[in-house]
J.: 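This structure is in structure tokens; I'll ask about it shortly.
Letters A, B, ... mirror the listed sequences (proteins, then strands); counts begin at 1.
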Amino acid sequence: MNESSVTVAAPVPRQEPAAADGPRYDFNSAEPRWQRAWAERGCFRVEDVPTDGKPKYYVLEMFPYPSGKIHMGHVRNYTLGDVVARYKRAKGHSVLHPMGWDAFGLPAENAARERGVHPAKWTYENIANMRTELKRMGLSLDWEREFATCQPEYYRHQQKLFLDFLTAGLVERKESWVNWDPVDGTVLANEQVIDGRGWRSGALVEKKQLSQWFFSITKYAPDLLSALEGLDRWPERVRLMQSNWIGRSEGARMHFDLAASEAGIDKVEVYTTRPDTLYGMSFLAIAPEHPLAASVAARDPKAEAFVAECRSKGTSEAVIETGEKHGYDTGLRVKHPFIEGATYPIWIANFVLMEYGTGAIFGCPGHDQRDLDFSRKYGLDVVPVVLPPDGDPASFAIANDAYVGPGTIYNSDFLNGLDVDAAKRAAIAALVERKMGEGVVNWRLRDWGVSRQRYWGCPIPVIHCDSCGVVAVPDDQLPVTLPEDVTFDRPGNPLDHHPTWKHVNCPKCHKPARRETDTFDTFVDSSWYFARYCSPGSDLPLVRAAVDHWMPVDQYIGGIEHAILHLLYSRFFTRAMKATGHIAVDEPFAGLFTQGMVNHESYKAADGTWLYPEEIEKRLDGTAVQRGTELPVTVGRVEAMSKSKRNTIDPGAIIARYGADTARWFILSDNPPDRDMEWTESGAAGAFRFTQRVFRLAEALDSVPTGPQPAEFGQAARTLRRATHRCIASVSEALDGFAFNVAVARLYELANAIGDAERIGNNDDGLGWARREAVEMLARLTSPMIPHLAEEVYARLHPGSADLVADLPWPDADPALLIAESVTIAVQVMGKLRGTIEVPPNAPADTVIAAAEAEINVARALEGKRVVKRVHVPNRIVNFVIAG
RNA sequence: GCGAGAGUGGCGGAACGGUAGACGCAGUCGGCUCAAAAUCGACCGCCUUCGGGCAUGGGGGUUCGAAUCCCCCCUCUCGCACCA
């Protein structure tokens, strides 16, 4: 997880912000100091089962893959989560906010193969480095809950869960077609097959049948789909993507009898959503992997060649993009279910998928575009059976487009005259009557294959015994740990090559047997970690009292790239854990927020090589030159930070230069958090200026005496206090709505208002008190975003106080101060703005209208006109409608 | 192809159906400086005969009033994609 982009170290050191006159906020000493203060106070620690009676709030960001360094995507992700965590905590919640490591995975094995470093060493060193970097961000995390999924203390429980699922019938071992890389000797995910070749080896990928472990996610398909409706704090598009992925469709499962049986096979099973078009049938097509295709291929060399070709080219982009359809006529024929004596050819076709439905279709070219393309290519009949509403049965014909719209059935015997839906029902009824089929619901979702031929993953805790079959590793022998002495000097799975590891005795019959050498897909590791955080030290996978208290996660935050797989697997896993008694909830994540990416301009030198941002210098006219050489540089697109384009910004360098608060402030201020943002140098510098300005506003109060709240405030003080309390209200509202960029804008407004008050300089009428109040509120309201500076400012305002802002409750706005002393009302004539008037709040309508009519511009616009309607919206607007 | 989302100044973006452009970035002018940096102040959608007019992708509609609601169209982004 979270490994989409990798940051590399900046090669050229950047210059420090120029040292300026006067004292400055020294983030270098302040940030570590406050981080220590929070840690020593244990501000962010919570109990597994709290007894403080506070409402719980569980904030979680997708845990990082320990690639080596944190990148800006992490900074954005964890800053967003930290704002939520700190805000909810201040609002009186007991907040669980943990962090850990998604630590198994292929990059560690690649490092082992490429550099000879053991995956464990590589992983743990990366974790140590990234932990240090994350701690510099000042996140309000309970670090005592940290774990890595590669620790036996974690994955032993995963093995236990697997065995519980096995007992509960939620896991099975079955044969399946997989992408097999013959050079690397491993199964590849579909995403790892590029143009028909393995992404690492470049070898042609083969389709191969392997025995694999599967989680029975399809058992939950209906529930996983219907429960999406209740996830009302998930983005609509994620719910939609999951819904499409699960892919429910209604139709009929039916069989066609072969005219003559083939190698003992006498019928073909078909799934269709269009049983109403059965009379339009002109062929039957089966997938190349279909058993019937295999038996034809066994006796027919041409068929065998065709199947082999499909197998090798099936996944290539060329075939998929052009949609070119290929087929082979087997010579076999099937009988029509309703038409006595009619038979149709059976083709093997490349566009029929073995994975979906039954791997066989009946072809109705009149009303399915693919079937039409296929029929035109091979000269098969095209018989229309659905007449469009305005169609003429005598002349309606199918040209190049199949007709898939609504209409009336014709050319179809007993179905004639029915509409499409009625005909579907009638056709299914007829199939049922003849015992040839039934109405079914079909799902696109497949069971989740979790076997990987990898070393750096969680061992699957089973033993294969020749006498007893598959035997679960007994609980008292868990965990099955990875052997450390492995080599990566040849392709394939090091566990399989290990001289002794897999050789064990069967736990049942004690005869020699073999350990399973496959490990789990790393998505398994991340499918329950959120629940483990509730009781990370327990001897049980989950402690019911802890998960019952904390789960579900109230706010989950991460990238959209996990919209389907990780989230769907986690939803399944939670249900499976419920079925096995480990947890009580169905849904793991009550709220989900998907953040946008962090992008940056890219730069290219004249010779075509990419340049790091540190290597270029911007000119005033927007062009850029190479630092030092002054050679011209092409400024490229703003795109996702990537190592290859060298448009990365190292968070460590930013924090060293500006401090964590600046990085956090800029990343929050730039735009709404669900959209992609552009990291810019000027934006970061602007954020840095703000932090310094806040400090100066606090510093300016050193000479302003403290004292009790005055009974009376002058005009300027009242204005400032209104700004302060309006800010409390509006920042709270913005934070509640994830509008962090708006919260930032409101805080700039408050800072501007304090600056205005500062320049007035007269403290006699309570302005000094009002300024202290405003600066304190500025600190407290910014504290979820820039927590270190908030502490620094608060401490300066309260010398000698031991209070931490992190422990203070969220301030409440004084309702009396949210009411303006006067309101500006817009005056329109026929909907066009003609002027504004100042009136007391909630002034009576006739007073306001009279004042509006008196306004000079309005009066001019109304002169000589007849007003037919006066619209008055209190405290908002007056609109005069005139005749004519 | 199917589905979803989005189009507002030079840029990122604000805006319960009620003064469009908050706030920031960039820019212009000025104060302070020998100068620069930092900082502070002012300006900053387009046109204008200085009355005002035009402006939220385009065109219609609803409304006293539309960036916002409805219909049609255009463009862009993302997701799924031979799913029978």
J.: Are OP1 or OP2 of B:A6 and a side-chain N or O of A:R237 less than 4.0 angstrom apart?
T.: no
J.: Considering just the side-chain nitrogens and oxygens of A:R675, establish if one lies under 4.0 Å of OP1 or OP2 belonging to B:G13.
T.: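 It does, given that an N or O in the side chain of A:R675 lies less than 4.0 Å from OP1 or OP2 of B:G13.
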J.: Going by atom types alone, do A:Y271 and A:S249 pair a side-chain donor with an acceptor below 3.5 Å?
T.: yes
J.: Think A:N857 has a side-chain N or O under 4.0 angstrom from the OP1 or OP2 of B:G52?
T.: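 Yes, A:N857 has a side-chain N/O under 4.0 Å of OP1/OP2 on B:G52.
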J.: Taking only N/O atoms, report every protein-nucleotides 17-23 of chain B pair under 3.5 Å with atom names and distance.
T.:
residue, atom, partner, partner atom, Å
B:A22, O2', A:E749, OE2, 2.4

J.: Kindly say if A:K377 contacts the phosphate of B:C82, meaning a side-chain N or O under 4.0 Å from OP1 or OP2.
T.: no
J.: Rounded to the nearest 0.5 Å, how far does OG of A:S602 lie from CG of A:N647?
T.: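 Going from the CG atom of A:N647 to the OG atom of A:S602 covers 5.5 Å.
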J.: Which residue, A:E236 or A:G755, contacts RNA chain B at a nucleotide closer to its 5' end, judged by nearest heavy atom?
T.: A:E236
J.: May I ask you to verify if any side-chain N or O of A:R444 is less than 4.0 angstrom from the OP1 or OP2 atom of B:C2?
T.: no
J.: Please list every stem that involves RNA chain B, where a stem is a run of 3 or more consecutive Watson-Crick or G-U wobble pairs with both pairing distances under 3.5 Å.
T.: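 When the pairs of RNA chain B are grouped into runs of at least three, the stems are B:1-7 with B:74-80, B:10-12 with B:23-25, B:27-31 with B:39-43, B:45-47 with B:52-54, B:57-61 with B:69-73.
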J.: Mind checking the C1' distance from B:U28 to B:C73? Whole angstroms is fine.
T.: 41 Å
J.: If you measure only the distance, is there a donor-acceptor pair under 3.5 Å linking the side chains of A:N741 and A:D670?
T.: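 Looking only at side-chain atoms, A:D670 and A:N741 do not form any donor-acceptor pair under 3.5 Å.
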J.: Go through B:C82, B:G12, B:A26 for me and flag the one nearest to the A:N350 side chain.
T.: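 The listed nucleotide nearest to A:N350's side chain is B:C82.
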J.: If only side-chain N and O atoms of A:R689 are considered, is one of them under 4.0 Å from the OP1 or OP2 phosphate oxygen of B:C25?
T.: yes
J.: Contact class for A:D674 vs. all strands (heavy atom < 4.0 Å): base, sugar-phosphate, or nothing?
T.: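 Nothing, no heavy atom under 4.0 Å.
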J.: If you only use heavy atoms from C-beta on, which nucleotide in B:C54, B:G52, B:A4 is closest to the side chain of A:K832?
T.: B:C54
J.: Residues in salt bridge (charged side-chain N to carboxylate O under 4.0 Å, His left out) with A:E355, at least two apart?
T.: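 Partners of A:E355 by the salt bridge (charged side-chain N to carboxylate O under 4.0 Å, His left out) criterion come out as none, since no residue qualifies.
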J.: A:D373 vs A:R376, test: salt bridge (charged side-chain N to carboxylate O under 4.0 Å, His left out). Steps then yes/no.
T.: CA-CA 5 Å; A:D373 295 344; A:R376 291 287 189 232; over 6 Å; no
J.: May I ask you to say what A:V270 touches in the nucleic acid, namely base, sugar-phosphate or nothing, with a heavy-atom cut-off under 4.0 Å?
T.: nothing
J.: Where the side chain of A:Y356 is concerned, which of B:C82, B:U39, B:C83 is the nearest nucleotide?
T.: B:C83
